[in-house]
Visitor: 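One structure, as structure tokens, below. Some questions next.
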There are 2 protein chains.
Amino acid sequence: MNLKQLSEHLQLSQTTVSRALNGYPEVNEETRKRVQKAAAELNYAPNPRAKGLATGRSMAIGHVIPISIKHEMVNPVFGDFIAGAGETYAKAGFDLVMSVVSDQDEEKVYREIARKRSVDGMIVHGPKMDDPRIPLLQELGIPFVVHGRASLAASPYAWVDVNNQRAFDGATSHLVKLGHTRIALLNGPESMDFAFRRRNGYIAALGRDGIEPDPRMMFSGEMTEQFGFETAQCLMSGDAAPTGYVVSSMIVAIGVRRALEARRLRMGRDVSIVTYDDDLSYLRNGDTDPIFTATRSSVRAAGVLSGQMLLDMIAKQPADPPTLLLETELVIGGSSGPAPTS
Amino acid sequence: MNLKQLSEHLQLSQTTVSRALNGYPEVNEETRKRVQKAAAELNYAPNPRAKGLATGRSMAIGHVIPISIKHEMVNPVFGDFIAGAGETYAKAGFDLVMSVVSDQDEEKVYREIARKRSVDGMIVHGPKMDDPRIPLLQELGIPFVVHGRASLAASPYAWVDVNNQRAFDGATSHLVKLGHTRIALLNGPESMDFAFRRRNGYIAALGRDGIEPDPRMMFSGEMTEQFGFETAQCLMSGDAAPTGYVVSSMIVAIGVRRALEARRLRMGRDVSIVTYDDDLSYLRNGDTDPIFTATRSSVRAAGVLSGQMLLDMIAKQPADPPTLLLETELVIGGSSGPAPTS
DNA sequence: GACGTCATCCAAAGCGCTTTGAAAGCGATT
DNA sequence: AATCGCTTTCAAAGCGCTTTGGATGACGTC
């Protein structure tokens, strides 16, 4: 069933039927009703490709998710982020098209998407400090929202980010106040912008209490359980083992916990952990009493907000790119306690 | 830059240029070279909507991922599965379009997609035993591959599945051989087909050794860390606590482990765990020595294979739907050991 | 020299929609 | 009765591609 058939069946022109269905004012309300009824009965739906060709829009948002070639790893937060964004798109009648790409030729894919004009806008995931995708998309003239920030970007761009610096300042501060002085940082990969900001927060909090940041206490790597386990194990086998850990994700924290348990150390008594918590649906930090002391910020909510921001930009083309900084909430759980006295 | 402009620039007809670029034989090899060169230089890429309109194909595969309305939960395996499938699509020039949908109105979305003919094929995720989407897609005439199976389906359909029954038979058997007799099952949601098969495997293995399956030892629920923790805690506080656990996912197993540790029980000595392992990239079961004894099968590989199967179906339209049963590998790790003698 | 063959190219129709520019109908105004 | 303004409808062009059904020569064959 296409427009032509429908209009013939209704004894109307395609113009009128199209206008009736798309809510244009210049059509009699009675005819509109009649058209809508027939469309529903005959199960008519416009062909999106024809529509897109005529309007020049694709009604689709692009997400390209990079796979770290080294670890063959897809970031576990994507699921939740995309769930949030997708929900927003669906309400507005937009599709979500994903490209999975090894992180090396990510830029090529962006270029390709731009050439084909196959989406109306894009979300940029996992920005590096000096991310080439930002000038690229600006040059290509595709509306985009960055999930995160790129500190070294030359010109303004739209972003939704968590206040990572403040979060890690708060997390570290929490441990300092509990008397910890040897506090390790298990950060994300150094190339990531958020890792940079988190480290700044960590260093700022230490500095405020006159603690000299120790490079041997600062680690960064892909945020896997393995990374948490191995790093903690290595730290605990050295002298001057840390009594506190500030960790970049729940999954890494679980790895640290495993290392503690291997040595029969108790979390929250012998060793304290504060972690960042993306509030993933399948890995909630406890319902009533939190497992970990954590700085929480829902990545799913970030997805909803980023999606909404992008759709707004597409609709209204604002002169200045909007930005949104989300604060985290410090949740006190069982994984942190006073520094052991010894 | 569009076809018309390109053809004018080349002093050729659109027909010839189109044919040259699409590899049709009726064009001089020299002209083809010339066309390809110009296309590359002028950065020409065909408009996918125009192409789709002309060919009647969308060059896109649809994935609809349901969000359990109750737990607002997106299955953590989607990320890896989609990474696998997406990789396959990209190689074949297909897009991956996702719809995120609350599990109630999932069927509506399938109908909508079919009406709009916005994809050339679909992957069905998380099939229930009697899944309505299978007859629906058959009726709608859309090629599809089910990731999993639907035991009660009336007619044949294409699927890629893991041998869940054998996996859980093997897992349970492993514990039985180690002398365990009180073995709990922490299964996925009962409505899921895989959960049904896993339970069958569990029961079969017990039965082979004359152990009567005990309903009080069998649990099912959303596969979260919380579920593992709470169920294990509940079991351990009763009398006749199990000495072995067969668990449906690493994340649930991590929850069980947390419950053990809360009681200072040692995994693999006091209590044994065997888990199913989807081999998720961010949650590897150890690199050299496995953390958990586990039945492993890569969900990412399943994604690659499902995607490939679907693309083949679209290209060749086989008379009989293909199927593929993947076996798991039983990996012996530190989480299982002889039943404690007491 | 007429004719079939083959390789190469082209004009134009068609995919299903939106949108422009015009027309038809009708009551109100002059 | 002619004109105007308003609402409602329409025919046709256009979006950028593929594909059908020829054309046009060049070449060899009888």
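Side-chain atoms are counted along with the backbone in the values below, which use heavy atoms only and exclude waters and symmetry mates. Being a predicted model, the structure only gives us computed values, none of them experimental. Chain naming here is simple, since letters A, B, ... match the order of the sequence lines and numbering starts at 1 in each.
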Visitor: Got a second to check how far B:Asp161's CG is from B:Arg149's CZ, nearest 0.5 Å?
Guide: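 It is 4.5 Å, given to the nearest 0.5 Å.
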Visitor: Could you tell me the separation between the CG atom of A:Leu305 and the CG atom of A:Leu326, rounded to the nearest 0.5 Å?
Guide: 6.0 Å
Visitor: Give every donor-acceptor pair under 3.5 Å between a side-chain atom in residues 18-30 of chain A and any protein atom, sequence neighbours left out.
Guide:
from, atom 1, to, atom 2, distance (Å)
A:Asn22, ND2, A:Ser18, O, 3.1
A:Asn28, OD1, A:Glu30, N, 2.8
A:Glu29, OE2, A:Arg32, NE, 3.1

Visitor: Categorize A:Arg49 for me: base, sugar-phosphate, or nothing, with a 4.0 angstrom heavy-atom threshold over every strand shown.
Guide: nothing
Visitor: By the 4.0 Å heavy-atom rule, please label A:Thr15 as base, sugar-phosphate, or nothing.
Guide: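 Here A:Thr15 touches the bases of the nucleic acid.
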Visitor: Does B:Glu8 have any side chain to side chain donor-acceptor pair (under 3.5 Å) partners at least two apart in sequence or in another chain, and if so, which?
Guide: none
Visitor: Between B:Arg117 and A:Asn47, is a side chain to side chain donor-acceptor pair (under 3.5 Å) present by the stated rule, with each step listed?
Guide: CA-CA 7 Å; B:Arg117 312 224 139 263; A:Asn47 180 315; over 6 Å; no
Visitor: At 10 degrees resolution, what angle do the end axes of the helix from C:dG1-D:dC30 to C:dT30-D:dA1 form when each is taken over five base pairs?
Guide: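 Result, rounded to 10 degrees: 70°.
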Visitor: Which residue lies toward the 5' end of DNA chain D, B:Ala50 or B:Thr16, if each is placed at its nearest nucleotide?
Guide: B:Ala50
Visitor: Of all nucleotides in DNA chain C with an atom under 4.0 Å from a non-hydrogen atom of chain B, which is the first and which the last going 5' to 3'?
Guide: C:dT8 to C:dG16
Visitor: Using the side chain to side chain donor-acceptor pair (under 3.5 Å) criterion, which residues pair with A:Gln36? Sequence neighbours excluded.
Guide: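 With neighbours one apart ignored, the set is empty.
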Visitor: Got a sec, which residues hit salt bridge (Lys or Arg N to Asp or Glu O under 4.0 Å) with A:Asp278, two or more places apart in sequence or on another chain?
Guide: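 Checked A:Asp278 against salt bridge (Lys or Arg N to Asp or Glu O under 4.0 Å); zero matches.
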Visitor: In residues 2-13 of chain B, what residues come within less than 4.0 Å of DNA chain D, judged by heavy atoms?
Guide: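 The answer is B:Asn2, B:Leu3.
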Visitor: Once ring pair (Phe, Tyr, Trp, His ring centres under 6.0 Å) is applied, do any residues pair with B:Phe81, and if so which ones, sequence neighbours excluded?
Guide: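 Per chain and number, B:Phe81 pairs via ring pair (Phe, Tyr, Trp, His ring centres under 6.0 Å) with B:His125, B:His147.
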Visitor: Let me see the working for B:Val101 and B:Lys108 under side-chain contact (heavy atoms from CB on, under 4.5 Å), right down to the final yes or no.
Guide: CA-CA 10 Å; B:Val101 140; B:Lys108 196 163 51 178; over 6 Å; no
Visitor: Taking atom CZ of B:Phe78 and atom CD1 of B:Ile65, what is their separation to the nearest 0.5 Å?
Guide: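 Output value for this atom pair is 5.0 Å.
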Visitor: By a strict heavy-atom criterion of less than 4.0 Å, which residues belonging to residues 22-37 of chain B are in contact with DNA chain D?
Guide: B:Asn22, B:Tyr24
Visitor: If the condition is salt bridge (Lys or Arg N to Asp or Glu O under 4.0 Å), which residues does B:Lys116 pass it with, not counting sequence neighbours?
Guide: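 In terms of salt bridge (Lys or Arg N to Asp or Glu O under 4.0 Å), with neighbours along the sequence ignored, B:Lys116 is linked to no residue.
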Visitor: Please name all residues satisfying ring pair (Phe, Tyr, Trp, His ring centres under 6.0 Å) with B:Tyr89, sequence neighbours left out, ordered by chain then number.
Guide: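 Ring pair (Phe, Tyr, Trp, His ring centres under 6.0 Å) check on B:Tyr89 returns B:His63.
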Visitor: According to salt bridge (Lys or Arg N to Asp or Glu O under 4.0 Å), who are the partners of A:Arg49, at least two apart in sequence or on a separate chain?
Guide: none
